[in-house]
Amino acid sequence: MGFLTFLILPLLILGISGIIYIYREVVRLMSRSAVKNKVVVITDAVSGLGKECSRVFHSAGARLVLCGKTWEKLEALHDALISVADPSVTFTPKLVLLDISDINNIEAIGKEIQDCYGCVDVLINNASMKIKGPAHSVTLEMDKKIMDANYFGPITLIKTILPHMISRRTGQLVLVNNIQGKLGVPFRAAYGATKHAIQGFFDCLRAEVEEFDVFVSTVSPTFIRSYHVQPEPGNWEASIWKFFFRKLAYGVHPVEVAEEVLRTVSRRKQEVFMANPVPKAALYVRAFLPELFFAVVATGVKEKHFVEEE
């Protein structure tokens with residue numbers, strides 16, 4: 001009996017692994033076929049995540065409109081995409097200069113984006129500006145600047161494109177957000193405020209446009225790490241605060257996020273939260289035990305100040 005168990009167990013594990021692999025491959029192929037010929041707009045396409053989103057949607061046969069602040073970087077991305085693509089199954093991406101924080105010009109640029117293919121099927125809001133520092137040391141001018149980039153800019157573009165989606169009764173709006181749209185992190189007050197604002201906008205908008213068959217999706221990783229930079233080991237003693245932020249520090253790779261964005265679009269998911277169990281648990285603690293959460297966060301701030309003074 002023991003010998004049979006010894007033989008069957010590895011076969012069972014191998015069989016389950018094979019089923020999981022086949023399932024993932026089927027989902028991946030279905031995701032790619034779902035966006036074929038769709039007009040997909042990607043803001044800040046020249047960022048790390050923007051490039052990966054451009055790659056996965058381009059190879060899946062989407063008609064891309066790539067937006068960015070620098071024409072040279074857009075051209076370099078364009079050349080990189082078409083150099084490895086099969087022209088028989090892909091479309092040449094169209095390029096649009098867009099500074100998402102330049103509110104006064106976004107309406108005109110939105111029309112330019114519409115004119116590329118005559119419609120927009122999917123708008124992926126990827127552009128974001130980051131800032132870190134104590135709330136009292138960040139100037140009001142910087143608060144307004146980051147709010148323009150992370151909130152007013154994206155919603156201005158949405159309000160330019162959304163009426164066309166409503167009239168066609170089809171379309172999808174995707175927001176690549178952050179864990180800080182769900183909970184506050186010290187020394188990121190300005191950034192967290194913008195992420196809460198845009199998260200609230202999308203949550204309200206989702207209910208408003210459902211009757212027009214326009215889908216609203218949010219993808220929220222803890223944060224998106226760079227390709228090569230790994231988190232420093234640091235001095236992580238037995239502290240809840242340090243344990244939490246050590247887990248938070250590892251982030252998610254741009255390739256993983258781009259693949260999830262593709263799945264979110266193809267399966268029309270409403271909300272995706274990409275994180276390991278520790279940040280996810282923090283969300284539940286914040287919701288059901290807020291006093292405990294605030295105490296842990298406050299302890300972390302005191303520890304940080306003590307170390308800096310020392």
Side-chain angles (χ1 to χ4, degrees), residues 24-25 27-32 34-35 38 40-60 62 64-68 73-74 77 80-81 84 93 100 121-130 149-150 154 157-158 172-183 185 188 191-192 194-196 198-199 202-203 206 215-231 245-280 282-283:
R24 287 179 175 176
E25 284 299 301
V27 169
R28 186 179 66 84
L29 291 173
M30 290 177 63
S31 298
R32 293 168 66 87
V35 300
K38 297 286 187 181
V40 179
V41 179
I42 303 174
T43 64
D44 197 16
V46 297
S47 66
L49 175 58
K51 290 176 182 177
E52 290 301 332
C53 284
S54 301
R55 178 185 60 80
V56 297
F57 279 91
H58 184 251
S59 62
L64 292 183
V65 181
L66 305 179
C67 305
K73 291 182 179 180
L74 283 172
L77 175 59
L81 290 174
V84 296
I100 201 69
D121 294 308
V122 181
L123 171 61
I124 300 174
N125 294 274
N126 171 56
S128 182
M129 176 183 173
K130 296 180 178 66
N150 293 0
L157 183 60
I158 288 169
Q172 187 168 2
L173 302 169
V174 181
L175 170 68
V176 180
N177 204 18
N178 186 277
I179 187 177
Q180 293 176 60
K182 294 289 189 178
L183 53 82
V185 177
R188 293 168 177 83
Y191 178 71
T194 66
K195 292 302 178 179
H196 274 73
I198 193 73
Q199 181 73 42
F202 266 68
D203 287 347
R206 182 181 293 113
F215 294 87
V216 175
S217 308
T218 59
V219 179
S220 300
T222 47
F223 82 96
I224 302 168
R225 71 173 185 254
S226 65
Y227 287 95
H228 307 296
V229 177
Q230 296 295 329
F245 278 96
R246 184 183 184 185
K247 293 295 183 182
L248 196 64
Y250 284 91
V252 187
H253 197 279
V255 173
E256 297 176 63
V257 182
E259 293 288 349
E260 182 55 54
V261 171
L262 178 63
R263 287 192 292 271
T264 298
V265 170
S266 63
R267 298 168 69 178
R268 292 177 170 174
K269 297 180 183 179
Q270 292 185 332
E271 186 173 58
V272 177
F273 187 56
M274 301 182 69
N276 59 49
V278 174
K280 286 183 178 179
L283 290 178

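All of these numbers come straight from a predicted model, not from anything done at the bench.
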Kindly indicate whether the side chain of [X], heavy atoms from C-beta on, has any atom under 4.5 Å from the side chain of [Y].
| X | Y | value |
| --- | --- | --- |
| V122 | V35 | no |
| F202 | N177 | no |
| V261 | N126 | no |
| K130 | Q180 | no |
| K51 | R55 | no |
| V257 | M274 | yes |
| P221 | E260 | no |
| V272 | S217 | no |

Side chain of T43, backbone of A127: donor and acceptor closer than 3.5 Å? yes

Write down the atom of [X], the atom of [Y], and the distance for their closest heavy-atom approach.
| X | Y | answer |
| --- | --- | --- |
| A149 | M129 | CB-CB, 3.8 Å |
| P279 | I179 | CB-CD1, 3.6 Å |
| F215 | R268 | CE1-NH1, 3.1 Å |
| S266 | A34 | CB-CB, 3.5 Å |
| V56 | E259 | CG1-OE2, 3.6 Å |
| C67 | V41 | SG-CG1, 3.9 Å |

State whether the number of non-hydrogen atoms from other residues, nucleotides or ligands found under 6.0 Å of K73 atom NZ is greater than 12. no

Kindly compute the distance separating [atom1] ([X]) from [atom2] ([Y]), expressed to the nearest 0.5 Å.
| X | Y | atom1 | atom2 | result |
| --- | --- | --- | --- | --- |
| T222 | K280 | OG1 | NZ | 10.5 Å |
| D44 | N125 | CG | CG | 11.0 Å |
| T218 | F273 | OG1 | CZ | 10.5 Å |
| K182 | Q199 | NZ | CD | 4.5 Å |
| L81 | S54 | CG | OG | 6.0 Å |
| L262 | I124 | CG | CD1 | 8.5 Å |

If we count only N and O atoms by modelled type, under 3.5 Å, do the side chains of K195 and S220 hold a donor and an acceptor together? no

